Undergrad: 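Please read through the structure below; I'll follow up with questions.
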Amino acid sequence: MVGVVLIPIALGLIFNSWAAPDNEAYVRMAFAQVAGATVAIITSVALVVQRIIRRSAMGDIAWFALIAVVITAWQFANLSHTVDFLLTGLGFGR
């Protein structure tokens, strides 16, 4: 939960622009979202690898792998929204 939920939320809150954002704030917020997504993906994949190394039951490995796939897909969608957010904030969006 820490690597998948708490750290990305904390990064988003820490690097959020609490006033009207300028270009630097948009870039800072986008990089915080990318860092949070990276931490979430690495955490979920590391848990699958940890289950494989510990020779857990195949059912446990399958559940952790399914959860890792869902988290990875969710974070890639989040990264796509981050790109749109950054380009729109910098004035290059639609």
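All values derive from a computational prediction rather than experimental measurement.
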Undergrad: Can you pull the ring-ring contact (aromatic ring centres under 6.0 Å, His included) pairs that have at least one residue in residues 41-65, sequence neighbours excluded?
TA: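 Qualifying pairs: none.
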Undergrad: In the single-linkage hydrophobic clustering (I, L, V, M, F, W, Y; side-chain heavy atoms under 4.5 Å), do L66 and I52 co-cluster?
TA: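 Not linked; separate clusters.
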Undergrad: Is there a path of hydrophobic side-chain contacts, each under 4.5 Å between heavy atoms of I/L/V/M/F/W/Y residues, joining M29 to L13?
TA: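 L13 does not cluster with M29.
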Undergrad: Starting from I61, can I reach L47 by hopping between I/L/V/M/F/W/Y residues whose side chains sit under 4.5 Å apart?
TA: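 Cluster IDs for L47 and I61 match.
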Undergrad: Name all residues meeting the side chain to side chain contact (heavy atoms under 4.5 Å, CB included) criterion together with L79; count only those two or more places apart in sequence or in a different chain, and write none if there are none.
TA: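 Result, side chain to side chain contact (heavy atoms under 4.5 Å, CB included) vs L79: V34, A37, F76.
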Undergrad: Please, which pairs that meet ring-ring contact (aromatic ring centres under 6.0 Å, His included) have at least one residue in residues 16-60, sequence neighbours excluded?
TA: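 Listed once each, the pairs are Y26-F85.
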Undergrad: Looking only at heavy atoms, what is the nearest atom pair of G36 and P8, with distance?
TA: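 So the two residues come closest at O-CG, 3.4 Å.
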Undergrad: Taking all non-hydrogen atoms of both residues, which atom of S17 and which atom of P21 are closest, and how far apart?
TA: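 Closest pair (atom of S17, atom of P21, distance): OG-CA, 3.5 Å.
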Undergrad: Tell me whether V69 shares a hydrophobic cluster with I42, the cluster being built from Ile, Leu, Val, Met, Phe, Trp, Tyr side chains joined at under 4.5 Å.
TA: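 Unlinked, V69 and I42 end up in two clusters.
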Undergrad: Please go through V70's hydrophobic cluster and name the other residues, only I, L, V, M, F, W, Y counting, with side-chain heavy atoms under 4.5 Å joining them.
TA: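 Noted: V70 shares its cluster with no other residue.
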Undergrad: N78: which residues meet the side chain to side chain donor-acceptor pair (under 3.5 Å) condition with it, sequence neighbours left out?
TA: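 For N78, the residues satisfying side chain to side chain donor-acceptor pair (under 3.5 Å) (neighbours in sequence not counted) are Q75.
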Undergrad: Donor-acceptor pairs under 3.5 Å, side chain of residues 53-60 to any protein atom, not counting sequence neighbours: which ones?
TA:
from, atom 1, to, atom 2, distance (Å)
S56, OG, R51, O, 3.4

Undergrad: Should V83 and V27 be counted in the same cluster of Ile, Leu, Val, Met, Phe, Trp and Tyr side chains packed under 4.5 Å apart?
TA: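 Same cluster.
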Undergrad: Side-chain heavy atoms under 4.5 Å apart, restricted to Ile/Leu/Val/Met/Phe/Trp/Tyr: what other residues fall into the cluster of V39, or is it alone?
TA: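 Reading the cluster by chain and number, V39 sits alongside V2, L6, I7, L11, I14, F15.
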Undergrad: Is there any side chain to side chain donor-acceptor pair (under 3.5 Å) pair reaching into residues 30-44, and which pairs are they, with sequence neighbours excluded?
TA: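 Of all non-adjacent pairs touching residues 30-44, those that pass side chain to side chain donor-acceptor pair (under 3.5 Å) are Q33-T82.
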Undergrad: Under the side chain to side chain contact (heavy atoms under 4.5 Å, CB included) test, which residues partner N23, sequence neighbours left out?
TA: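 Residues passing side chain to side chain contact (heavy atoms under 4.5 Å, CB included) with N23: L90.
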